Every structure is written in structure tokens, then in C-alpha cells.
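I have placed the structure first, in the form of C-alpha cells, so that the comments after it can refer back to it.
Here the structure is a predicted model, which means the values were calculated and not measured. Proteins come first, then strands; the chains are lettered A, B, ... in the order of their sequence lines, and each starts at number 1.
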Amino acid sequence: MTREDPRPLRVLLRSRDGRLLDLEDGGRDVTLEEFRARLQTGERLRVRHETTGGDCTLDLLLQLVATCLPKEGGLLGLLGDGGTR
Amino acid sequence: MSGGRNRKVAHLMTLLVSDVLTSRERIGVEHAELARQQRRARRIRETIENLGPFWVKVGQILATRSDVVSDAVLRELAGLQDSVHCEPFDVFEPVLRQELGPRWRAKFREIDTVSPLGSASLAQVYRVVLADGRTAVLKVQRPGTRERVYADMASLRRAARIAGRAVPRIGAVLDIEATLQVIFDCMQPELDFTAEAKHMAQGQRMARDFKGIHIPDVYLATPRVLLQSLAPGEALNKADLSVFSDKQRRRIGSDLLTFMYRGYFVERMFHADPHPGNIFVHPEHGATLIDWGMVGRIDRNLGSLGVMVLTSLAQNDARGLASAWTEMGRATPFADLLGFQEDMTRLVPLITAAALEDLDFGIALTNVLRCAAQRGIRTSPMIGMLGKSITNIEGSVRRIAPELSALEVFEDALTDVMVELARDLLSREQTARRVLELIVAGNSTVDQLRSLLRDLANRELTMRVGLLPGHGMGSDGNGILTRRVAPVLAAGLAVWGVRRLAAGGALARGG
């Protein structure tokens, strides 16, 4: 049966001081903005905590959605202050 | 339609209406009444099977509505058989000629016409070898199917409307038009196999991240002929599971559940009938889902609320579940929302605390659906179908990996679902929509604000406050709030607004 290739799963590391590191890219820092952009391009991402090894993808999603939505869709956006920072 | 057939339809509707009316009482029902319900349920199933393929589909949809029919009917309809005796291949040959042309035989090296793979009331299925040597499955529609089904659809629409008018309670709790639409949508792929082929293409896209989940390839699809690849292995209800290792069994079970959760909540399109006969399993290859004729589709909002419902169930959160469910449905004029919340407060801990590893989402949803109907909350027919699909996949997974916990798999899959939902939220399409909403709001806000201020300045601002009949502080039809408190509240707000405006003006003059 023919089928599309599965999208590879990329695991990022959340360091003790809260930074996001891409170990497959030499431990480079990944900003929240870059995480969002990579998510938008369809990349399959997971985040693991450096200390516990536990999955903390949902924590990062919460942070991302909380950062993006009020700026773009909230009252501030309506009054002209949204999405500029 | 013949008079005899019309009489059978009328008889079926009478039986169903009697069942709906008596199915309200589920506790403390006397033995004699239970026996009567069971006899009636058996007659309903027999009449449906006797009426033919379209009515079998109606029965399958009714089997997803624990909020409408009794437990006895649910049990009977679950065993509804859509299998009939095999017709000789000669009956189907004209269909192949009409659909594939006079040289249709050239496409096949071999057709096993002696022992068809399956025979349903709408189609017959054969194992074939294609001209290039590949083994495949050929599904051919029975001649005259469309005409019969269209006549039955018209008949059902008439009968359902009469039943809805005769028994208003049915019309209030069951969205008759929406339910009919679900039935007709489900029939469409059976009448036009290109629709089933499209479902399979979408299923393949959904399965791309799963190494062990497969959907057959479609080699050829016309409205009445479907040619697809042969699923490796055996159907789950016939497979010898002793040849699978524990790891293989668990992997297949977990993949199946995760794939279905993704269908329900991310893609919002799902296989509506993943029972063991529709899942082929193979130790190395994994699982193949066949028969994509009946699929469920839910919208974005219903999908998100569905995740909320399952998460609330998993977290033993009755209030969260009641709130999400109410939002998913529609409260009828006689709805008792507080009663529903109390039902959930009683039911949810029972479901989750009994045995977390045995939590069965499908059965839990069926129970919630029933409570909602009894408390006058109308639920989308797709939720019934979603509950049935979850029940079926959980039953199938229990067969191959009984030790697997649906709850644990859901918690694992939840991250995957949430990532996909976040991706959707942050997508270009959603961003464009938010921008559009802001533009629309920006265009109208200044006008509306100016109009509001002008009315305030001219002392012409009026406000209307009202409540739905039966709600509010009063127990009478209009509610005391509407008649007495609302005018006082409106007057108070108007006075407050005028005073604020006057004070603002004085300040401005003073400043």
C-alpha cells in the first residue's frame, strides 16, 4: 500500500532555567516565536523537561497560546495595541 | 411504494414511538413491562431487516441514540444484520459493464465468483486478481438499489414528520431534521462509491503518522463499483491472536485508539463503525481499517467540546462535564439544567472511581447522553454516533489488548491532540479569521459607540431585558424577573448612565 511518509517527531528539551533547547541542532536555543513558527509549518514537536524527563509539551502550549491570543484577538488588539510587540 | 410496504413502515413507526414513550422509565420497571419492551424490540428489528438496506442503516443510526430508544431496542439493533443470501455473479455483470465499459473483463485476470467475500443488501464483494497480478477486492452495487433507497428516504421523511407532530416530546429532544440528514448522509456513500473512496483518501492522510495503521488503497471508484487493495491478515473477530507477541498486540491496540482520538478531535472525521469485523490485523503489518462507507463528521466547536467532555470524565469533574455537554447541545424549554448537573455529580464519580483502568468512554458517553435527554437537553445526533464509534473501537481494542487502559492511552494521545489543536488555532486560516473579525468589529464599533452616546445625550437610550419562559425567579411561564424586576433594572441603568454623563459634562466644564 502506498502512503505518505510519517512526519518525524522532534523532541526539544526544557532546561532548568526555562530555556528551550534543540539538541538535534547542537543544543541551540529555540525561542517561543520559533516554536510557534515550527508548529505552524506542520512539524511534530514534543518537549521534555531536562530534570524530570517528563513530557511538558502542554505547559509550553499553554504559554504559547496565552502569549499569542490576548495580543491578537483581545481588546488590546481591537484598540490598536495588539500584535505589535 | 406498495401498500404493503407502506403498512410495514407505519407499523415500524408505531412500534418506535411506543418504545420512545416507554423508554423514559428505566428504573423500577416491572418484569412484565420489561418482557413487553423486549418483544417489541425484537419486532422492531425484524421489521427493519424485512424492510431492507435503507432501514437497516436507519436502525444502525438509532442504535447510537441511547437518549431516544430503550435499552432493549439498543441491544436488538446492535445485532442488526446487513447480510443477505448471495446472488449469482450474472446479476452484477450488467453493472460492471455499465460502469467500466464493454471491455471491463480486461481489467481482471481472475474473479472469484464462486465464493464472494461478503454479501450485503446493497452490494456484493469479490476477491479478484488484477491484470497486473495484484490481488484486490471488488465491490459491486446491486442493480436497482438507488431507486429503492430514494423511495424509502421519502417515506421515512414523511413518517418521521408525522411522528414528530403527533408526539411533540420526540420533536423537542430529538432534532428530527438533523437526524434525518445524518441518515441520508450515511446512505450517500452506499449509493455512490466515489464518496466512500474520498473517505478512504482522507483516512489515509489521517493515518500517515502511524506506522501500524493502514487504510486500503483505492484502485478504481465509480458510483457503483469500488476496487481496492486487499487488507493483509484476518478480521479481528476471526484472527488467531496467539501468533501475535504481547508487544505487537499492545502496539496495535494503542495505535488504533490514538488514531481514532485524532479522528474525533483533530481531523473531526471518524470511522463510524470500527467493530472487530471492520479491522484486519497482521502481526508485522499492524491494523487495516476497512468499510469507510459510514463516517461521522463534527465541527470545530463540537470537537473541542468533545475533548473537554472526555477530559472532564477522566478527571472526575462532573461540573466541567455538565457545562461542556450543555454547551454542545441545546436546552429545550422544559430543560432542567440544575437537575442535569446533579445527575452528573452522581454519575461521573461512579464512572471514574469504579476502576480507572476499566474506564469505558463510549459507555460513559451513552449514559450521559441518556441523562441529558431525560433532563430536556437536545444533543447533536453526531454525539450519539461519536459515542457508538468510541464504544466500538474500545470493544475492538479490548479484544486484541485487554490489558490496555483506554484512559492511559487517552492521556498519551491528549498531548498529540492538543498540539494539533494549537497548530490549528495558530494557523494562517485562523489568524486570517481573527483579523477579519477585528476588521468587522473595527468597522462597526465606532458607529455603534457614536449611536449609543447620541441616545444617551438625548435621553433616548432604551434597554430591553428579558428571559426565556420558564427561567428566572418565578415559576410561572414569564418569570417574575421579566415582569417586575427587569423594568426597574432598566430604569436604574438608564438613570445611572444619565448621571454619569451629566457628571462627566460637569467635570469637563469645571476642568
Side-chain angles (χ1 to χ4, degrees), chain A residues 1-14 20 22 30-49 52-85, chain B residues 134 136 200-201 203-219 228-232 255 262 280 282 285-286 288 311 411-412 414-446 449:
Chain A
M1 284 177 215
T2 56
R3 58 184 297 162
E4 291 176 60
D5 288 334
R7 292 176 296 168
L9 187 70
R10 196 75 173 254
V11 182
L12 306 177
L13 200 70
R14 189 90 193 242
L20 205 56
D22 188 346
V30 176
T31 63
L32 203 58
E33 198 54 46
E34 186 189 335
F35 182 80
R36 172 188 173 157
R38 287 170 69 169
L39 204 63
Q40 281 174 321
T41 55
E43 208 172 328
R44 286 179 76 203
L45 296 167
R46 288 289 178 282
V47 185
R48 294 213 170 273
H49 202 279
T52 63
D55 189 301
C56 58
T57 314
L58 290 179
D59 298 328
L60 205 78
L61 284 184
L62 181 65
Q63 195 183 339
L64 181 64
V65 172
T67 317
C68 296
L69 277 191
K71 276 200 283 179
E72 290 179 2
L75 199 59
L76 279 178
L78 185 70
L79 298 177
D81 188 31
T84 53
R85 281 168 291 171
Chain B
R134 285 178 297 175
M200 290 165 80
Q204 281 190 331
R205 279 197 299 279
M206 283 158 54
R208 70 176 172 156
D209 290 336
F210 298 84
K211 281 184 186 153
I213 298 288
H214 308 269
I215 316 298
D217 286 330
V218 175
Y219 297 145
Q228 56 185 297
S229 59
L230 185 72
D255 275 356
R262 184 184 271 225
F280 277 62
H282 184 277
H285 190 73
T288 307
T311 312
E411 283 174 350
D412 278 349
L414 189 61
T415 303
D416 193 41
V417 168
M418 296 311 290
V419 169
E420 295 303 326
L421 290 181
R423 191 197 312 284
D424 185 44
L425 182 75
L426 301 171
S427 67
R428 278 167 58 93
E429 292 78 10
Q430 286 297 307
T431 308
R433 185 191 155 133
R434 282 199 295 279
V435 170
L436 190 66
E437 278 171 357
L438 287 175
I439 290 171
V440 172
N443 281 341
S444 56
T445 306
V446 176
L449 208 58

Report summary line: Counting heavy-atom pairs under 4.5 Å with chain A, the top scorer among B:Ile439, B:Leu414, B:Val419 is B:Val419
Report task. Could you tell me which non-hydrogen atom of B:Ala207 sits nearest to which non-hydrogen atom of B:Ile213, and how far apart they are? Result -> CB-O, 3.7 Å
Report task. Under 4.5 Å heavy-atom distance to chain B, tell me which part of A:Leu60 shows up: side chain, backbone, both or neither. Result -> neither
Report summary line: Answer key: most heavy-atom pairs under 4.5 Å with chain B among A:Leu9, A:Leu61, A:Thr57 is A:Leu61
Query raised in the report: If we only count heavy atoms from C-beta on, is the A:Arg10 to A:Asp22 side-chain gap below 4.5 Å?
Result: yes
**Report entry** Contacting moiety of A:Leu39, where chain B heavy atoms sit under 4.5 Å
**Finding:** both
Query raised in the report: Should A:Asp55 and A:His49 count as side-chain neighbours, where that means a heavy-atom distance under 4.5 Å?
Result: no
Report task. Tell me, for B:Asp424 versus chain A, whether the close heavy atoms (under 4.5 Å) come from the side chain, the backbone, both or neither. Result -> neither
Query - B:Leu425/A:Val65 under side-chain contact (heavy atoms from CB on, under 4.5 Å): CA gap, chis, key distance, verdict - result: CA-CA 9 Å; B:Leu425 182 75; A:Val65 172; 3.9 Å; yes
Query raised in the report: Is there a side-chain contact between A:Arg38 and A:Val30, using heavy atoms and a 4.5 Å cut-off?
Result: yes
